[in-house]
Amino acid sequence: MNIYERLGVRTLVNAADSYTIIGGSRMPAEVIEAMAEAAEAFVYIDDLHDAVGRRLAQLTRNEAAMVTSGAAAALAITAAACMAGADEELGARLPCADVPRDEVILYGCQQNGFVQAVRMTGARVVELADRNAESARELRAAVTARTACLLYFVSPQFERHALPLKEAIAICHELGVPLVVDAAAQLPPVSNLWAYTEMGADLVIFSGGKTLRGPQNTGLIVGRAELVAACRVHSGPRSSIGRPMKVSKEAMAGLLAAVERYVGLDHEALNRQHEQAVVKICAHAGRLGFRAERAYPGPTGQSYSRAALYPEPALGRTAVQLQAELRHGEPSIWVTLSEDGTALLVNPLHLREDEVGLICDRLTKLVDRR
Ligand SMILES: *Cc1c(COP(=O)(O)O)cnc(C)c1O
């Protein structure tokens, strides 16, 4: 019996996305091995942070980098760094916000649950309205001596009404305000690891436990050396606002191995593999009475496709019903729904080949039970 069987906890097939509530992603063998190796010895955690950060900076073509305990932790730590700089004493006042720069600006259309990680540092979040034509003027008007940074979430869903990132960067630089990009789920393409900093973003955040397939409790900050150094000041192992978000030596080794692996992958071959899975699922579903098509891009704008399966009326079940039946079957299969709820979306990102077959077989069974 495996650990989940011994514990009586059911496993599931993830055809949805890298969701924390279902365990994020699967760590490849290289990552697990690096973590086991790191577990063997004691080291000075600061030395390891330095060395891993330098290597991650090289791999991601950035000036500097550091490992955090997740992208959400990185939101808190980058906010602290923008509020207090590298000043440990100012940092010690957080979260009471008794610091000269305590405001984080955010486009209202980008408001989401992760912003709480910023507020926990004591930062006041200043929301900009979402009127396209005025957003440049509005951003300029919102910047004051109290501004710590502009926080910008990249993804088609969040950017709809905000000033385009390039323009926001230009304004922030003109006014001397750092711009922090949350790109937690913006891989692939792999080039996003350096694209936002090349555009001029000061700090960029990625999740380590999503597409990178590092430890689920890791995140990555890349960007300007001075600001990354400030992030370190407000992180573990120091007593600081970031101390409850400490990063273990195993997690650092694991994320480094994951990034090394990810940047070295044959991304074209991987993309072909995803496309083949989508084609196979679409062809199978088409034979079963779905209208099946390739949906592009990925759930938050990533450069891969998914299978969109629209049940025809003759099937007698809606996409919502089929989603629930897939979830409650054995094993449980997680798929998401299209925005309008009329299609099942099958995401190949975390599917092994055997699981693609398993999904096809399950669809056949569900349809036969009609
Ligand atoms: C997933 C996600 C996060 C949180 O990432 P963790 O690594 O799980 O902490 C933050 N911001 C955005 C936009 C995300 O998609």
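Any value given below was found using the heavy atoms of this structure, including those in side chains, with hydrogens, waters and symmetry copies removed. These figures come from a predicted structure and were not determined experimentally. Just so you know, ligand 1 is whichever comes first in the structure, and atom 1 is the first atom listed for that ligand.
- Sorted by first then second residue, the ring pair (Phe, Tyr, Trp, His ring centres under 6.0 Å) pairs that include residues 237-264, not counting sequence neighbours, are Tyr262-His267.
- Every residue was checked against the ring pair (Phe, Tyr, Trp, His ring centres under 6.0 Å) condition with His161, not counting sequence neighbours, and none meets it.
- A side-chain donor-acceptor contact under 3.5 Å links Asn62 and Thr197.
- Using modelled atom types, one finds no donor on one side chain facing an acceptor on the other under 3.5 Å when comparing Asn14 with Tyr19.
- Other residues sharing a hydrophobic cluster with Tyr296 under the 4.5 Å side-chain heavy-atom criterion for ILVMFWY residues do not exist; the residue is a singleton.
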Quick one: table the atom pairs, ligand 1 N or O against protein N or O, below 3.5 Å, distance rounded to 0.1 Å.
| from | atom 1 | to | atom 2 | distance (Å) |
| --- | --- | --- | --- | --- |
| ligand 1 | 7 (O) | Ala71 | N | 2.8 |
| ligand 1 | 7 (O) | Ser207 | OG | 2.7 |
| ligand 1 | 9 (O) | Ala71 | N | 3.1 |
| ligand 1 | 9 (O) | Ala72 | N | 2.9 |
| ligand 1 | 11 (N) | Asp182 | OD1 | 3.4 |
| ligand 1 | 11 (N) | Asp182 | OD2 | 2.7 |
| ligand 1 | 15 (O) | Lys210 | NZ | 2.7 |

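- No side-chain N or O of Gln186 forms a donor-acceptor pair with one of Gln302 less than 3.5 Å apart.
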